[in-house]
Amino acid sequence: QVQLVESGGGLVQAGGSLRLSCAASGLTFSSYTMAWFRQAPGKERMFVAAIAWSSRTTYPDSVKGRFTISRDNAKNTVYLQMNSLRADDTAVYYCAANMGRTSTNVWEYDYWGQGTQVTVSS
């Protein structure tokens, strides 16, 4: 079965950096759009970044210029490099996979990881 396993979360000071990883198995990784979402307590799950099979990337304005998504098809892994972290980046970060086109919508993703906590102290 498909598994997405996130790692790399933790506690960091404002202005610092973290790199999240998501290892995928059970799917033809290179054919999937991979994405990161995040969910803060009491809030909806929000789109953070996506990378298509073509390696085209998409970001919302809130993270553009600070976060970078990348993929290594040989390792079936997607990464999220997060720089200049702010307190409002604190959330559980989820990896997701979508066989179709790049989307910013939660409901268009077929598979999800269990999430990794990122906490940014101010």
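The list of ring pair (Phe, Tyr, Trp, His ring centres under 6.0 Å) pairs with a residue in residues 10-51, not counting sequence neighbours, reads Phe37-Phe47, Phe37-Tyr109, Phe37-Trp112. Contacts classified as disulfide (SG to SG under 2.5 Å) and involving residues 15-122 (residues at least two apart or in different chains) are given here: Cys22-Cys95.
Between the CD atom of Gln114 and the CD atom of Glu6 there is a distance of 4.5 Å, given to the nearest 0.5 Å. The structure places CD1 of Ile69 at 9.0 Å from OG1 of Thr58, a figure rounded to the nearest 0.5 Å. Distance CD/Gln13 to OG/Ser122: 10.0 Å, rounded to 0.5 Å. One finds the CG atom of Leu20 at 12.5 Å from the OG1 atom of Thr77 (value rounded to the nearest 0.5 Å). Note that CE of Met99 is 9.5 Å distant from OH of Tyr111, once rounded to the nearest 0.5 Å. Rounding to the nearest 0.5 Å gives a distance of 11.0 Å between OG1 of Thr116 and CG of Leu80.
Side-chain N or O atoms of Arg86 include none that pairs as donor or acceptor with a backbone N or O of Val120 at under 3.5 Å. Although no hydrogens or angles enter the test, the distance criterion places a donor-acceptor pair under 3.5 Å between the side chain of Asn98 and the main chain of Arg101. Remark: the backbone N or O of Ile51 is paired with a side-chain donor or acceptor of Arg71 at under 3.5 angstrom. With hydrogens and angles ignored, the 3.5 Å screen pairs no side-chain donor or acceptor of Thr119 with any backbone N or O of Thr90.
Each of Val92 and Met46 belongs to its own hydrophobic cluster when Ile, Leu, Val, Met, Phe, Trp and Tyr are linked at side-chain heavy-atom distances under 4.5 angstrom. A continuous path of ILVMFWY side-chain contacts below 4.5 Å connects Leu85 to Val48, so both sit in one hydrophobic cluster. A single hydrophobic cluster is seen to contain both Met34 and Val2, as judged by linkage of ILVMFWY side chains at heavy-atom distances under 4.5 Å, directly or through other members.
The minimum heavy-atom distance linking Ser70 with Val78 is given by the pair O-CG2, 3.1 Å. Across all non-hydrogen atoms, the minimal contact from Val118 to Leu18 is CG1-CD1, 3.9 Å. When all heavy atoms of Ala50 and Thr33 are compared, the closest pair comes out as CB-CG2, 4.4 Å. Taking each heavy atom of Tyr94 and Gly113 in turn, the nearest pair found is CD2-O, 3.6 Å.
Looking at heavy atoms from C-beta onward, Tyr59 lies in side-chain contact with Thr68 at the 4.5 angstrom threshold.
Under the salt bridge (Lys or Arg N to Asp or Glu O under 4.0 Å) criterion, Arg38 pairs with Asp89, sequence neighbours left out.
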